[in-house]
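Take a look at the structure below.
Each residue takes its place number in the sequence, starting with 1.
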Amino acid sequence: SFNHERMQRTTTIGDRLIRHFNALAQQAQNGPCSVIVLFMFDAEPYRPRTTTAANNNSARRREEVTSAVAAMRENGVKTWQLNVRVTPTEYALLDHFPLPDDVAGEA
């Protein structure tokens with residue numbers, strides 16, 4: 001049976017992100033795919049934080065994410081940011097633009 005507590009302890013958001021990016025890279029081999037980062041406000045264009053050498057775990061994780069993003073893009077996956085306004089009666093596109101080449105940040 002599924003153990004939710006074990007899942008929470010062993011799977012991080014980075015693990016899930018990398019798993020999803022790798023799955024998208026494989027799926028893109030069968031046809032076009034897109035990744036959309038959705039902000040429910042008028043956000044500035046996404047810019048990844050840079051990693052300092054003092055934080056090796058973050059640097060290693062960013063390398064993993066960067067590799068997964070590179071695999072997606074090599075297989076034709078497009079990455080976009082959408083900014084939207086959501087109200088009880090509607091949602092509206094405020095802005096959109098492609099994400100930077102280095103979505104994960106500098107490692």
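- Atom CD of E74 is separated from atom OG of S67 by 9.5 Å, given to the nearest 0.5 angstrom.
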Report, one line per pair, each donor and acceptor closer than 3.5 Å where one atom sits in a side chain of residues 85-94; sequence neighbours left out.
from	atom 1	to	atom 2	distance (Å)
T87	OG1	T89	N	3.3
T87	OG1	T89	OG1	3.4
T87	OG1	E90	N	3.0
T87	OG1	E90	O	3.1

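- Every residue meeting the side chain to side chain contact (heavy atoms under 4.5 Å, CB included) condition with Q81, not counting sequence neighbours, appears here in chain and number order: F39, A43, Y46, N83, F97, L99.
- Note: E64 CD to F21 CZ = 13.0 Å, rounded to the nearest 0.5 Å.
- Scanning both residues, V77 and A28, for their nearest heavy atoms gives CG2-CB, 3.4 Å.
- Partners of Q27 under the side chain to side chain contact (heavy atoms under 4.5 Å, CB included) rule, at least two apart in sequence or in another chain, are N30, C33.
- The CG atom of L24 sits 13.5 Å away from the NZ atom of K78 when rounded to the nearest 0.5 Å.
- H96 NE2 to L82 CG: the interatomic distance, rounded to the nearest 0.5 Å, is 8.0 Å.
- Contact detail for A68 and N22: the closest heavy-atom pair is CB-OD1, 3.7 Å.
- Note that CE of M72 is 6.0 Å distant from OG1 of T79, once rounded to the nearest 0.5 Å.
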